[in-house]
Each structure stands twice: as structure tokens, then as C-alpha cells.
Amino acid sequence: MIKVNENYMKIQASYLFAEIAHRVSAYQEANPDAKIIRLGIGDVTEPLAPVVVAAMHKGVDDEAARESFRGYGPEQGYAFLREAIAENDFKARGIDISASEIFVSDGAKCDTANIQELFGDDITIAVPDPVYPVYVDTNVMAGRTGVAENGRYGKLVYLDSTKENGFVPNIPSEKVDLIYLCFPNNPTGATATKEQLQAWVDYAKANKSIILFDAAYEAFIRTPGIPHSIYECDGAKECAIEFRSFSKTAGFTGVRCGYTVVPEALMAYTKDGEAVALRPMWTRRQTTKFNGCSYITQCGAAAIYTEEGKAQIKATIDFYLENAKLIKTALTDLGFDVVGGSDSPYIWVNVKGDSWGFFDKLLKEANVVTTPGAGFGKAGEGYIRISAFNSRANVEEAIKRISKVLA
Ligand code: MLT
């Protein structure tokens, strides 16, 4: 009799966005005429930048000719892309990250999910609440969390992000080994200042902890002084892994590409206290389990680092940020307490009540899909998240409908 991994039985619910998709399609089936507007999952709607499309076409042409054909690529990503990343995302900001510390992948979701394989079974893990569900669920699958009671896993340390702390969690009083942080935050849209991030880095260094820093929404930062990378903080290369995504930055949700930075100086420890470098471990993991992101995709990703590419993707993000501003203003005018919506594509709305109930109300009465805050954790109850990823016409129509239902 073959046994299953019973940790899967501890997972509390189906994957949040799969559950929402399920509810929305059930509603659509029952109401075929409803013109549903989706402001739920943060999926982009605007087409790829022209430079990206041209570079991908060129990549296809390369694959079509014997002289330029490429088969398996380097698991860590092609040097042309890793060098462009190191130069533009880090050196240009005064951060010394080299191409050899960058691992190109098929997206930040997979990397944030897979990275926990590098760590021991018995480590203490701190997760923000509310939180992107992938961080928690992957640790549940790996057996590190214990069982859930009243919406919380016994062995996790929860870092509440609330109105009181400006949605930037306080540093725990106890020692934790692994800390997940995400700024600009998913789901709240909150940002952290350099001082706040530096305090986390100082804590991690003092406790020999590691920070997993998800910077997937970094490109939405417009306020000067807000850090784009954890490596802007002193000492972060000794205690942090950073995840980046081209999904929201350059519309790659369907194309799939992102990267992870594992600095050379980053160490974890054996149970005997011997230091082990994580970069070679991640290399080993990727070379064994991953065959690299496609050449064509990487050609497209590299194009966003050209001057033309930078201008084109900035224009698209500015467009989404304008959507976010419209949504934020409308909800504020309706009398709601709102966070996010600037430096972020997400608007976090205090609905002062059952968030799945509010989700259902907006779905049924306004035909607008949002994300219930409770799906991101216990501290998300009472909130909904609205995504600014949509066309202007849909955002304006959604605002009109929401205002009618909630006025
Ligand atoms: C979200 O809506 O939170 C994101 O789209 C999920 C993701 O990036 O995987």
C-alpha cells in the first residue's frame, strides 16, 4: 500500500486563486449574460512591449536556423540575460550583485515555492499575515508547519501586518530562522522604508536567520527613497535571498520568466554548526530539477533592459498605476479605509466585515471579482484586495458598478 504525503492533508483550503476562479466560473455558468470584470488575481492585461515581441521573434528565427539553433540552455539562465540584470537592476542602483549570483527561472512563484528545499525540516519560519499563500502552503507540504487550528499553523510564527504597524510587520521578540518578506507587499500594497528593511536585516544577521525577500512588485515603486532591493541594506548579502519577476514588470504572466538572487556570501548551517554556502546548493537544485527558461523567453526578457524596452515597460506600469489611483480614490470617496494603490498595483480595502461575504456581494451585485483578504490569512479578514491590472475601460466600469452597489 503506497502512502501519500499526509502533509497535503494539512493544507487548509484549495489554492486561493484556484478557489476564486472556481467560484467565478460557477457564477458565470449560472449567469451567462453577466459581464464579469476581473480585478481578482494580479494577472496583467496589456500586451507585451513591442521590443519584447521583436526580440522573441528574433529568438524564434535563431531557433529556426542550424547555425543559430540552441538546445538545452544553461540551467541558471543565459549570460546575456544575467549580465543585463546585474547591470540594470543592481549595479545601476549602486548594488554589487554579479551575474553569477543570479538564477533565471520560469517565475518567482516557483522559486519562492522551491527555495524552502534548501533548509532543514526543523527550522522556525516566520510569515507575514496577510501573506501570499505560496510561502505558507509549500512549507505545509514539506511538513514544517504542524496542523492548522483556527486558521493558523501551530509551528509558524505569524507576523501580523495591520493598520497599527502600517502593514509592515514588527520584528519578533523570539528568534526565527527563516523570514518571508514581500515589498511592495502582496496583498496589502504597503511599502517598507529603508530603515524598516535595515532593521530586519540587522535582526537576521544577529540571529543567523535568512530573509526570503519577494520583490516581484519592485517596478511599481515611484516614491523616491523606497528600496527596490533588500540589497540596498547593509549586510543583506549575508542574510537574504531576493526574488524578482518579469510577470508584472513586463507582462510575462503567460510567457513565464523571473529570477532569484542567491549571493555568494550567503550561508546556512549544518546541525554541527558548519557553514554551508547556499549558492552552490541552489545551483545543484536547479541543475537537477530545472532545465532552464526557454531561449526565446530569455531573449524577450533581455530586451526590457534596452533603453527602448525600459521606456515601454515603464509606460505600461504607469498605466496600471493610474488604474490603481482611480480605484483607490473611488474607494476612499466611498468612505473606506484604503492602503496600497501607489507604488503597488494592489489596493487593500477595509470592508469591516466578512471578506468572503464582501467578495460574493461584489461578484453577484457588481459582477466584479476581487480577492477576499481572509484568503491571505487570518489578519486579512475584514479586507478585500482589488487589483489594478485591467484595461482603463474595465476599471472605470468596475468603479461605476462598485460605487452603485456600495453607495
Ligand atoms: C496575485 O494575484 O497575488 C498574484 O497574481 C499571484 C501570483 O503572482 O502568483
Side-chain angles (χ1 to χ4, degrees), residues 89-90 93 95-97 101-103 105 108-109 111-120 123-132 134-136 138-139 142 144-145 156-161 165-186 188 190-218 221 226-245 258-269 275-279 281-282 285 377:
D89 284 348
F90 297 103
R93 291 190 183 280
I95 301 165
D96 180 26
I97 291 288
E101 295 169 302
I102 292 163
F103 295 77
S105 72
K109 176 179 179 176
D111 285 356
T112 56
N114 293 329
I115 199 81
Q116 45 78 29
E117 287 182 21
L118 301 192
F119 304 105
I123 57 167
T124 332
I125 301 169
V127 289
D129 186 355
V131 70
Y132 179 45
V134 172
Y135 314 154
V136 173
T138 50
N139 279 294
R144 291 197 189 86
T145 60
L156 289 182
V157 173
Y158 287 90
L159 308 168
D160 285 356
S161 306
N165 58 26
F167 299 93
V168 178
N170 302 330
I171 288 176
S173 42
E174 70 262 59
K175 176 182 169 352
V176 295
D177 299 313
L178 194 63
I179 303 147
Y180 287 83
L181 292 178
C182 172
F183 289 107
N185 187 257
N186 181 13
T188 67
T191 52
T193 63
K194 174 123 182 244
E195 291 67 34
Q196 286 169 321
L197 283 190
Q198 186 66 57
W200 276 105
V201 168
D202 294 345
Y203 167 90
K205 282 194 72 184
N207 290 287
K208 290 199 161 74
S209 322
I210 286 180
I211 296 171
L212 299 178
F213 190 73
D214 187 347
Y217 300 93
E218 159 281 329
I221 296 173
I226 301 284
H228 289 246
S229 166
I230 188 101
Y231 303 119
E232 289 180 41
C233 298
D234 292 336
K237 287 209 290 184
E238 288 137 57
C239 66
I241 293 174
E242 182 163 303
F243 304 91
R244 295 280 188 104
S245 163
Y259 68 88
T260 289
V261 182
V262 186
E264 217 157 314
L266 191 65
M267 303 286 163
Y269 299 85
V276 178
L278 289 178
R279 192 181 69 103
M281 277 181 76
W282 186 242
R285 192 265 171 214

Asker: Does the side chain of S105 come under 3.5 Å of the side chain of D111 through a donor N or O and an acceptor N or O?
Answerer: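 Per modelled atom types, S105 and D111 side chains form a pair under 3.5 Å.
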
Asker: Using the rule given for side-chain contact (heavy atoms from CB on, under 4.5 Å), can you reason through F119 versus D177, listing the C-alpha separation, both sets of side-chain angles and the distance that settles it, and then say yes or no?
Answerer: CA-CA 10 Å; F119 304 105; D177 299 313; over 6 Å; no

Asker: Sequence neighbours excluded, which residues qualify as ring pair (Phe, Tyr, Trp, His ring centres under 6.0 Å) partners of Y135?
Answerer: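 For Y135 the ring pair (Phe, Tyr, Trp, His ring centres under 6.0 Å) partners, ignoring immediate neighbours, are Y132, Y180.
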
Asker: Between K237 and D96, is any pair of side-chain heavy atoms under 4.5 Å apart?
Answerer: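 Yes; the side chains approach each other to less than 4.5 Å.
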
Asker: Is there a donor-acceptor pair under 3.5 Å between the side chain of R93 and the backbone N or O of P227?
Answerer: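 Side chain of R93 to backbone of P227: no pair is present.
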
Asker: With side chains defined as the heavy atoms from C-beta onward, is the minimum distance between D234 and Q198 less than 4.5 Å?
Answerer: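 Touching, per the 4.5 Å side-chain cut-off.
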
Asker: So does V261 get a backbone contact from the side chain of Y231, meaning a donor-acceptor N/O pair under 3.5 Å?
Answerer: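 Judged by distance alone, yes, a pair lies under 3.5 Å.
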
Asker: To the nearest 0.5 Å, what is the distance between CZ on R279 and OG1 on T260?
Answerer: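 Taking CZ in R279 and OG1 in T260, the distance rounds to 14.0 Å.
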
Asker: Once you round to the nearest 0.5 Å, how far does NE2 of H228 lie from CD of E218?
Answerer: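 Interatomic distance, H228 NE2 to E218 CD, rounded to 0.5 Å: 6.0 Å.
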
Asker: Does N165 use its side chain to pair, donor to acceptor, with the backbone of D160 at less than 3.5 Å?
Answerer: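 Looks like yes, one N/O pair under 3.5 Å.
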
Asker: Looking only at non-hydrogen atoms, find the nearest pair between L159 and A126 and report the distance.
Answerer: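 Closest heavy-atom pair between L159 and A126: CD1-CB, 3.9 Å.
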
Asker: Can you tell if the side chain of T188 reaches within under 4.5 Å of the side chain of P130, non-hydrogen atoms only?
Answerer: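 Yes, at least one pair of side-chain atoms sits under 4.5 Å.
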
Asker: Is there side-chain contact between R285 and F103, with heavy atoms separated by less than 4.5 Å?
Answerer: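 No, too far: nothing below the 4.5 Å cut-off.
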
Asker: With a 4.5 Å limit on heavy-atom distance, are the side chains of Y203 and I179 in contact?
Answerer: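 SC-SC contact between Y203 and I179 confirmed.
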
Asker: If you look at every heavy atom in A236 and I230, which pair is closest and at what distance?
Answerer: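 That closest heavy-atom pairing would be CB-O, 3.2 Å.
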
Asker: In Å and rounded to the nearest 0.5 Å, what is the CH2 to CG distance from W282 to L118?
Answerer: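 Reported to 0.5 Å precision, the distance equals 6.0 Å.
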
Asker: Does I123 form a side-chain contact (heavy atoms from CB on, under 4.5 Å) with R144? I'd like the steps, not just the answer.
Answerer: CA-CA 8 Å; I123 57 167; R144 291 197 189 86; 3.9 Å; yes

Asker: Does any part of the side chain of F183, heavy atoms only, come nearer than 4.5 Å to the side chain of T193, both counted from C-beta?
Answerer: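 No, side chains not in contact.
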
Asker: List the steps and the verdict of side-chain contact (heavy atoms from CB on, under 4.5 Å) for T112 and L212.
Answerer: CA-CA 8 Å; T112 56; L212 299 178; over 6 Å; no

Asker: Please answer whether the main-chain N or O of K194 pairs with a side-chain N or O of E232 as donor and acceptor at a distance below 3.5 Å.
Answerer: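 Checked: no pair found.
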
Asker: For S161 versus P169, what's the shortest heavy-atom pair and its separation?
Answerer: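 Shortest heavy-atom separation between S161 and P169 comes out as OG-CD, 3.6 Å.
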
Asker: Working to the nearest 0.5 angstrom, can you tell me the gap between T191 OG1 and I221 CD1?
Answerer: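 Reported value, rounded in 0.5 Å steps: 7.0 Å.
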
Asker: Stepwise, does the side-chain contact (heavy atoms from CB on, under 4.5 Å) test hold for L278 with I210?
Answerer: CA-CA 11 Å; L278 289 178; I210 286 180; 3.4 Å; yes

Asker: Can you confirm whether Y269 sits close enough to V276 that some side-chain heavy atom of one is under 4.5 Å from a side-chain heavy atom of the other?
Answerer: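 Y269 does not reach V276 side chain to side chain.
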
Asker: Can you measure from CG (N185) to CG (D214) and round to the nearest 0.5 angstrom?
Answerer: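 Those atoms lie 9.0 Å apart.
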
Asker: Quick check: do W200 and C233 have side-chain heavy atoms less than 4.5 Å from each other?
Answerer: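 Of all side-chain heavy-atom pairs linking C233 with W200, none is under 4.5 Å.
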
Asker: Quick test of your reading: applying salt bridge (charged side-chain N to carboxylate O under 4.0 Å, His left out), list the pairs with at least one residue in residues 196-211, sequence neighbours left out, ordered by first then second residue.
Answerer: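 Qualifying pairs: K205-E238.
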
Asker: Return the CD1 to CG distance between I125 and N139, rounded to the nearest 0.5 Å.
Answerer: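 Output value for this atom pair is 3.5 Å.
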
